[in-house]
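To start, the structure under review is shown below, and the notes come after it.
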Amino acid sequence: QVQLVESGGDLVQAGGSLRLSCAASGNMFTINKMTWYRQSPEKQRDVVATITSGGSTSYADSVKGRFTISRGNAKNTVYLQMNSLKPEDTAVYYCNVEFFQGGYYHAFASWGQGTQVTVSS
């Protein structure tokens, strides 16, 4: 299996910036796609941004122009640079990966603990 650890969340004022990190670890796997999600209380977990192994990116409309997803040099890490933060960005942020391991395709890994982002007005 693949384990995911998110970090970088904090309390920040509106208009501020944060950079989230996610590291994937496990035995002999190849990541195809990495995705950041977020979940606010009493809401479903939504996709924020995705990056493929080829470097293609996509974003939720609500974060376009403010957030940037990127992969680290080790290719098993993913970052989310969040600028111009708004109170409505407050949520627990999670990452997940689509990967191959042992010859099998996995659409998701087990969820990590997430990292809390709180934006004050």
Side-chain angles (χ1 to χ4, degrees):
Q1 259 295 349
V2 170
Q3 292 78 43
L4 302 167
V5 178
E6 301 93 344
S7 62
D10 206 344
L11 170 63
V12 62
Q13 288 188 334
S17 299
L18 282 175
R19 188 190 195 211
L20 306 184
S21 301
C22 171
S25 63
N27 186 37
M28 299 289 287
F29 64 98
T30 302
I31 294 174
N32 184 48
K33 184 186 296 184
M34 304 183 86
T35 301
W36 281 100
Y37 300 79
R38 67 186 181 187
Q39 186 169 21
S40 304
E42 301 180 357
K43 292 187 178 180
Q44 66 181 19
R45 192 169 297 183
D46 292 326
V47 173
V48 175
T50 296
I51 186 166
T52 69
S53 56
S56 297
T57 59
S58 61
Y59 298 90
D61 287 342
S62 59
V63 307
K64 280 181 182 176
R66 301 187 298 122
F67 291 10
T68 302
I69 188 171
S70 61
R71 292 182 71 166
N73 291 333
K75 303 299 181 186
N76 64 341
T77 55
V78 63
Y79 304 102
L80 187 67
Q81 178 67 43
M82 306 187 295
N83 299 327
S84 302
L85 283 161
K86 304 175 180 180
E88 51 263 44
D89 295 318
T90 296
V92 179
Y93 285 71
Y94 301 87
C95 69
N96 214 307
V97 296
E98 181 185 293
F99 65 101
F100 293 89
Q101 188 176 46
Y104 291 93
Y105 166 78
H106 300 265
F108 290 95
S110 299
W111 293 97
Q113 82 288 352
T115 187
Q116 175 71 49
V117 172
T118 303
V119 184
S120 62
S121 57

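Here the structure is a predicted model, which means the values were calculated and not measured.
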Grab the two heavy atoms, one from [X] and one from [Y], that are nearest each other, plus how far apart they are.
X: A60; Y: V47; value: CB-O, 3.6 Å
X: T68; Y: Y59; value: CA-OH, 3.4 Å
X: L80; Y: A49; value: CD1-CB, 4.2 Å
X: S17; Y: N83; value: OG-OD1, 2.9 Å

Side chain to side chain, [X] and [Y], heavy atoms closer than 4.5 Å:
X: S25; Y: N76; result: no
X: M82; Y: Y93; result: yes
X: Y79; Y: M34; result: no

State the [atom1]-[atom2] distance between [X] and [Y], to the nearest 0.5 angstrom.
X: S84; Y: K86; atom1: OG; atom2: NZ; value: 8.0 Å
X: H106; Y: N32; atom1: NE2; atom2: CG; value: 12.5 Å
X: F100; Y: M28; atom1: CZ; atom2: CE; value: 15.0 Å
X: S70; Y: I51; atom1: OG; atom2: CD1; value: 6.5 Å
X: T30; Y: F99; atom1: OG1; atom2: CZ; value: 10.5 Å
X: S53; Y: I31; atom1: OG; atom2: CD1; value: 10.0 Å

Side-chain donor or acceptor of [X] paired with backbone N/O of [Y] under 3.5 Å:
X: Q1; Y: G26; result: no
X: N96; Y: A109; result: yes
X: E6; Y: C95; result: yes

Exercise for the section: Just grab all the side-chain hydrogen bond (donor to acceptor under 3.5 Å, both in side chains) pairs involving residues 40-51, residues at least two apart or on different chains. Expected result: T35-T50, Q39-R45, Q44-D46
Problem - Check against side chain to side chain contact (heavy atoms under 4.5 Å, CB included), Q116 and T90 - result: CA-CA 8 Å; Q116 175 71 49; T90 296; 4.0 Å; yes
Can you get from [X] to [Y] by hopping between Ile, Leu, Val, Met, Phe, Trp and Tyr side chains that sit under 4.5 Å apart?
X: Y94; Y: V78; result: no
X: W36; Y: V5; result: no
X: L85; Y: I69; result: yes
X: V97; Y: V92; result: no

Exercise for the section: Could you list the residues that satisfy salt bridge (charged side-chain N to carboxylate O under 4.0 Å, His left out) with R66, not counting sequence neighbours? Expected result: D89
Practice task
Assert yes or no for the condition that the ring centre distance of Y37 to W111 is strictly below 6.0 Å.
Solution key: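 Yes - the distance between ring centres of Y37 and W111 falls below the 6.0 Å cut-off.
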Practice task
With sequence neighbours left out, write down each residue that passes side chain to side chain donor-acceptor pair (under 3.5 Å) with Y104, or none if nothing qualifies.
Solution key: none
